[in-house]
Amino acid sequence: MNGPSSSSNVVARVEPAAEALTIRSAEPTDAHRLAELSAVLGYPASATAMARRLDRLLGRDEETVFVAALTSGRVVGWLHGSEQELLESGRRCEIMGVVVDPDHRGRGVGRRLVAAIEQWAVERGLEQMAVRSNVLRAESHPFYERLGYARTKTQHAYRKRLAES
Ligand SMILES: CC(C)(COP(=O)(O)OP(=O)(O)OC[C@H]1O[C@@H](n2cnc3c(N)ncnc32)[C@H](O)[C@@H]1OP(=O)(O)O)[C@@H](O)C(=O)NCCC(=O)NCCS
């Protein structure tokens with residue numbers, strides 16, 4: 001699903017307010033910029049760590065990462081989506097993370113990234129989208145609702161650090 005760079009990886013070209021935008025599959029050379037945007041999301045990562053993660057994700061058929069790039073080539077947003085199979089509810093596509101550069105919000109970049117993952121999901125025969133959003137991410141709630149997502153529940157998230165061997 002995430003092959004090397006080629007025109008076939010381009011999902012959509014659109015004209016936001018200021019500049020043409022291309023939605024395409026992420027490539028290894030995007031790692032540095034993905035790391036910068038991950039920090040905006042609240043998850044700082046080194047370019048090296050991001051490159052490793054991206055490499056593993058791009059190697060798995062059930063994972064995909066899209067980026068939104070300006071005509072200049074600058075990446076202004078990314079979205080990681082995943083096909084999940086849950087014992088209790090079957091297959092679905094989950095948005096694992098999405099972020100748009102603060103300087104480029106409100107111009108339809110996020111909408112186009114979500115449209116790309118929905119198209120990817122449809123092509124895989126998936127019938128349901130899911131996304132979990134922190135209650136503190138206030139801007140993401142009206143965003144998902146505008147895109148047709150309905151809130152179904154509020155959860156607590158738990159973590160446990162395992163001893164390092
Ligand atoms: C949420 C986020 C991805 C939205 O990206 P964006 O490019 O600004 O969103 P878009 O411009 O595509 O907006 C799509 C729709 O959502 C609405 N919307 C977006 N942000 C909104 C906000 N803060 N308040 C109200 N509506 C909003 C837009 O009005 C638009 O509706 P319209 O097309 O019908 O006018 C972006 O704000 C972001 O990166 N936030 C920080 C990270 C985050 O919260 N990620 C989600 C975690 S799961």
Side-chain angles (χ1 to χ4, degrees), residues 1-2 9-27 30-47 49-50 53-54 56-58 60 62-86 89 91-122 124 126-159:
M1 283 291 150
N2 291 295
N9 281 338
V10 174
V11 176
R13 281 201 176 83
V14 292
E15 301 285 336
E19 207 176 337
L21 190 78
T22 297
I23 307 295
R24 60 166 173 81
S25 295
E27 298 164 7
D30 293 318
H32 179 77
R33 183 64 181 140
L34 266 55
E36 286 180 348
L37 290 171
S38 184
V40 171
L41 194 55
Y43 295 94
S46 70
M50 184 59 79
R53 288 177 202 162
L54 190 60
R56 282 195 292 267
L57 288 174
L58 297 183
R60 295 183 197 149
E62 65 279 5
E63 309 281 345
T64 193
V65 180
F66 289 113
V67 298
L70 304 178
T71 46
S72 62
R74 183 164 178 78
V75 168
V76 294
W78 61 250
L79 181 150
H80 168 204
S82 174
E83 177 179 332
Q84 309 267 311
E85 183 150 21
L86 281 72
S89 56
R91 294 164 72 225
R92 71 183 189 191
C93 180
E94 181 156 356
I95 296 172
M96 309 305 287
V98 55
V99 61
V100 172
D101 183 326
D103 291 340
H104 293 270
R105 289 184 189 164
R107 300 181 188 179
V109 177
R111 177 186 280 280
R112 272 118 192 168
L113 284 165
V114 171
I117 190 65
E118 290 178 357
Q119 182 184 326
W120 181 84
V122 167
R124 297 173 71 87
L126 304 177
E127 295 178 353
Q128 193 179 46
M129 292 297 303
V131 62
R132 291 174 246 200
S133 177
N134 191 319
V135 291
L136 299 176
R137 292 198 190 283
E139 70 271 31
S140 72
H141 307 145
F143 168 72
Y144 286 121
E145 283 164 18
R146 287 294 289 170
L147 269 51
Y149 288 68
R151 188 178 305 171
T152 56
K153 61 182 171 184
T154 302
Q155 298 176 309
H156 292 284
Y158 296 89
R159 300 283 187 278

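Ligands are counted one by one from 1 in listed order, and the atoms in each one are counted from 1 as well. Please read all numbers here as calculations on a predicted model, not as lab measurements.
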Asker: How long is the straight-line distance from CD of E94 back to CG of L86, given to the nearest 0.5 Å?
Answerer: 8.0 Å

Asker: Do the side chains of V135 and Q155 get nearer than 4.5 Å, heavy atoms only?
Answerer: no

Asker: Check R33 with D101, please: is the shortest side-chain N to carboxylate O separation under 4.0 Å?
Answerer: yes

Asker: Do R53 and V65 have side chains that approach each other closer than 4.5 Å (heavy atoms only, starting at C-beta)?
Answerer: no

Asker: Measuring from each atom of ligand 1, which residues have a heavy atom under 4.0 Å away?
Answerer: L41, V98, V99, V100, R105, G106, R107, G108, V109, G110, R111, R132, R137, E139, S140, P142, F143, Y144, R146, L147

Asker: If you measure only the distance, is there a donor-acceptor pair under 3.5 Å linking the side chains of E36 and H32?
Answerer: yes

Asker: Sequence neighbours excluded, which residues qualify as side chain to side chain contact (heavy atoms under 4.5 Å, CB included) partners of E83?
Answerer: E62, R91, W120, R124, L126

